[in-house]
Amino acid sequence: MNIQDMPDARGHYGAFGGRYIAETLMPAILELTQAYNEAKVSQEFQDGLAKLFTNYVGRPTPLFFAQRLTEKMGGAKIYLKREDLAHTGAHKINNTMGQALLAHHMGKTKVIAETGAGQHGVATATAAAFFGMECKVFMGVEDIARQAPNVKRMELLGAEVMPVTSGTGTLKDAMNEAMRFWVGAVEDTFYVIGSVAGPHPYPEMVRDFQRVIGDEARRQIMEAEGRLPDTLVACVGGGSNAMGLFYPFVGDKGVELVGVEAAGTGIATGKHSASLGAGEVGVLHGSKSYVLQTPDGQIQEAHSVSAGLDYPGVGPEHALLKEEGRARYVSIEDDQALNAFHTLSRAEGILPALESSHAVAWAMEEAARRPKEDIILVNLSGRGDKDLETVLKYMAQKGA
Amino acid sequence: MSCIKNGFETLKGKNEKALVGFVTAGDPDFDRSVEIVRAMCDGGMDVLELGIPFSDPTADGPVIQRSSQRALKSGMSLVRVLEMVKIVRGFTSIPIVLFGYYNPIFRYGGKAFCQDSLAAGTDGVLIVDLPPEESAELTSQWEGADFDFIRLVAPTTGPDRMKQIADEASGFIYLVSMTGVTGSQGLDSSKVGAVIAPLKAVTDLPVCVGFGISTPDHVKAVAMVSDGVVVGSAFERLIEENLENPGLCGMVREYTQSLKDATKI
Ligand SMILES: Cc1ncc(COP(=O)(O)O)c(C=O)c1O
C-alpha cells in the first residue's frame, strides 16, 4: 500500500493508528466512520464544505513571499502560507467547519471539544454558533490562564468553557476530560477532535479537512515560481496543520517535509513536547503513535511555551511518515521560537502564533544555510494575538 | 477449566452470585494495598479485580483517577503489580483479574505480560481501551495459554456486536451498567435487566455487571438478574476517606461482608 493511501479500512497507518477506546464509545466511532465515508464521496457534502471555505472561512488564504525575512537570512526564499488570515485566526477552522457540517448531516445538536491554545476551542465555538449547536469546550486551567483572550472569545460565541484541573491542566488533560464527558453523553453528542490524533476516523478525517492548505499551497507556488518548493515546514503539536500542508505533497519525492516539534527548555532538560523526536511508540487517546512516556508506560507531561504544542502525543500518520523516512522531525526551543516571533513581527508586520513561530524559527535557520535558489514554504498556522500576554511575560523575565 | 469458570460454577451450586471487588493496586501504597485486598478476601469477595494504575485513565471518574495517582506516587508500576499478585496469591485462591489500560501492557510486551501474569497467579485481564477491533495484536501472542481476556459490553453495544463480542469472550463478560465513567451516580437497577437480557440470549458465559454499584441494595437488585456484581469506586471512596484511619481494613472487611450478603439469593 502506498503511504498516501493510508489508513487501511481499520484505521491503521502501518503499525500506527487504530481505535483504542472504551466499548461504550465504539458504536459511536463506527457510526462516525460510516457517516464520514459517505460524506467523503458525497458531492453535496464536498460542495457544501467548499462553499463554507470560500464564503465563511475566507479561503484561499494567501501564499506570501516574505522578501524582507528572506533578505535578512540571506539564503533560500521563504514563503508563508497565511493560515493566520483564515477566519478566527488559525487553520483550526478548516477542520471544525468540516466536522460541524458532518455533525449537522448526522443530526447532532451538541458538540464538545478539547483545546490547548484555545484556537481549536474558538474554531469549534464558531462552527457551533454557525450551525446553531450547543457547545462545551474542555480546557486546562494552565491554558485558561495563558490564553485568556481565547477563553473570552469562546464565551462570547456562546460556548461553555469547562476548566480542567487534573494533571498539569494542559491539552492532554483537556482531552482526557473531553473523552470522559463523551463516554457519558455519547448518545447525542459529537466530539470535535482538534488534531490528526484520537481514534480512527479522526486522524484521516481531520487530515482530509486540512489538506486544503496543501492543495492551495501547491497551486499557489506553481503560479508564483513555476515549480514545487524544496522544503515544506510546519509546527507539530497533534500534527494537523503539518499534515494538512504535507499530505498533497507526500507523493512528490523531491519535496522535503519537515515537522517542527517544541523542544521547550531543551530536549536534554526533559521539559519538551517532542513526541516524535524523543518519545516511544505507545497508545494515547485512542491511537498508537509516538508518545512521551516512562519505561513503565505512564504518560509524561509535555512542556512548551506554546499551549498548542504542549502535548505528549502526536497523530499516527506522522509516526508513519517518520518511520518511512518520508518526513523528518526536528525541534525548536522556547527561546528560539520567541526570537522568531519578534523577528517576523518586525520584518514583515506579521505577529505569528507561538506554535507557528517554531516553524518560522527552523525555517529562518535553515534558509540561512541554503542557496538563494531554494524555496522553503512555511505554514504560518495562526496569528499571535492570543499570545501577547505570554510574550510580554517572557520578555519581562528575560529582561528584554 | 479456567479458575474463573470454576469459581462461577461453585457459586452457582451455592445459589450465590459473585461479588467482584475492584481496587487499584498500590493504593495508597504497596503494603497497605495488600492488607486491603486481604480484608476484602476475609469479607467474602469472590473475584478480585486488581487495577493497574495509569496516568491517564480516560474511562474513570475522579475517585478512581485519584486512586491511580496515589498508587503511582507511591512507586507502583506493572512490575510491582505482579509482585503484589504473587503475595495475594499466597493467601487466597479466588480468581484474580487485572484491570487496566493498554499502554503499560503494550510497553511491558504482550507475551511477557501473559507469562509473568500467569506465573504470579493471575487468571485473566480486562483492558478498558482495547476493543475487539484491536485486541488480536495482544491475544494472538497468548496462543495456548490459560489466560482469560475479559470483554466488555456497554449499554451502547447493539445486538449484532454483542454476539460478536460474546463469541470471542472467555472467563466472564463485563457488562457496563450505564453510559459514563466509573463512579457515575444514578444507577437505575430496575433497568439493568433490560440490558442484560439480550446479552444472556447470546452467551453461556457468566455476566458481571459494574459501574455505579455501591450499596447492598444495588447489589441485591443487580444480583437478581446477573451472575456477578462489580463494586469499585465505592471501595476506593472508603479508602480515600480513611487514609489515616487505622481501622480502615476492618471497615473494608465489614463493607465487603455487607455486599457479599446481598449476593446470596
Ligand atoms: C496556531 C496553531 N498552530 C498549531 C497548533 C498545533 O496543532 P496541530 O499540530 O494540530 O496543527 C495549534 C494548536 O492549538 C495552533 O493554535
Side-chain angles (χ1 to χ4, degrees), chain A residues 9-12 15 17-31 33 114 165-168 172-189 198-200 280-289 291-301 312-313, chain B residues 52-62 65-66 68-69 72 75-81 100-109 113 126-137 151-158 160-162 165 174-176 178-184 186 211:
Chain A
R10 292 165 55 234
H12 288 247
R19 292 170 286 202
Y20 297 85
I21 50 168
E23 173 61 22
T24 306
L25 297 177
M26 201 63 210
I29 282 290
L30 294 173
E31 182 201 12
T33 306
E114 82 295 337
T165 51
S166 57
T168 43
K172 166 179 81 100
D173 312 299
M175 193 144 175
N176 284 344
E177 217 48 49
M179 290 184 84
R180 288 182 187 120
F181 181 88
W182 199 33
V183 171
V186 64
E187 276 148 321
D188 66 354
T189 301
H200 177 67
E280 302 279 349
V281 177
V283 171
L284 175 66
H285 294 149
S287 60
K288 195 184 280 176
S289 184
V291 180
L292 298 180
Q293 57 183 312
T294 67
D296 182 46
Q298 307 298 337
I299 311 303
Q300 281 176 318
E301 286 156 7
Chain B
I52 304 167
F54 183 52
S55 54
D56 295 79
T58 50
D60 283 301
Q65 285 174 45
R66 288 195 295 267
S68 229
Q69 277 160 17
L72 289 174
M76 215 54 192
S77 63
L78 182 46
V79 175
R80 297 276 286 155
V81 172
Y101 292 81
Y102 187 41
N103 198 54
I105 293 165
F106 173 73
R107 289 290 296 164
Y108 193 97
F113 170 72
L126 188 160
I127 304 174
V128 186
D129 54 350
L130 199 64
E133 279 76 3
E134 306 293 347
S135 59
E137 72 172 63
R151 302 205 180 248
L152 287 143
V153 166
T156 49
T157 310
D160 292 347
R161 192 174 164 79
M162 235 180 226
I165 294 173
Y174 189 130
L175 176 68
V176 175
M178 54 183 172
T179 55
V181 290
T182 55
S184 298
F211 279 43

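Order of the sequence lines sets the chain letters (A, B, ...), proteins ahead of strands, with each chain counted from 1.
- For the side chain to side chain donor-acceptor pair (under 3.5 Å) test, residues two or more places apart in sequence or in another chain that qualify with T157(B) are E23(A).
- For the residue pair Q298(A) and P104(B), the shortest heavy atom distance occurs at NE2-CG, 4.4 Å.
- Contact of Y102(B) with chain A is made through the side chain alone, with heavy-atom distances under 4.5 Å.
- For P132(B), the part sitting under 4.5 Å from any heavy atom of chain A is the side chain, from C-beta outward, and nothing else.
- Of all the heavy atoms in P131(B) and Y20(A), the pair that sits closest is CD-CA, 4.2 Å.
- Residue contact with chain B, scored on non-hydrogen atoms closer than 4.5 Å, is absent for V291(A).
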Stepwise side-chain contact (heavy atoms from CB on, under 4.5 Å) check, L284(A) with N103(B): CA-CA 7 Å; L284(A) 175 66; N103(B) 198 54; over 6 Å; no
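- The minimum heavy-atom distance between S55(B) and I299(A), with the atom names listed, is OG-N, 2.8 Å.
- For the set L152(B), V79(B), D56(B), V181(B), the count of heavy-atom pairs under 4.5 angstrom toward chain A peaks at D56(B).
- Side chains of E280(A) and R107(B) form a contact here, defined as non-hydrogen atoms less than 4.5 Å apart.
- Separating the CD atom in E133(B) from the NE2 atom in H200(A) is a distance of 10.5 Å, to the nearest 0.5 Å.
- Contacts with chain A were tallied for A59(B), G180(B), S184(B), P62(B); G180(B) has the most, counting heavy-atom pairs under 4.5 Å.
- In this structure, the portions of S77(B) lying under 4.5 Å from any heavy atom of chain A include both its backbone and its side chain.
- Remark: T165(A) pairs with V141(A) by the side chain to side chain contact (heavy atoms under 4.5 Å, CB included) rule, at least two apart or across chains.
- For I105(B), no part lies near chain A; criterion is any non-hydrogen pair under 4.5 Å.
- The nearest pair of heavy atoms linking Q65(B) to S166(A) is OE1-CB, 4.4 Å.
- For chain A, the option among L72(B), V128(B), T179(B) with the highest count of heavy-atom pairs below 4.5 Å is T179(B).
- With a 4.5 Å cut-off on non-hydrogen atoms, Q300(A) does not touch chain B at all.
- In this structure, chain A has a heavy atom under 4.5 Å from the side chain of I165(B), while its backbone stays farther away.
- The minimum heavy-atom distance linking T58(B) with H285(A) is given by the pair CG2-CD2, 4.2 Å.
- Taking every heavy atom of both residues into account, P27(A) and T156(B) meet most closely at CG-O, 3.3 Å.
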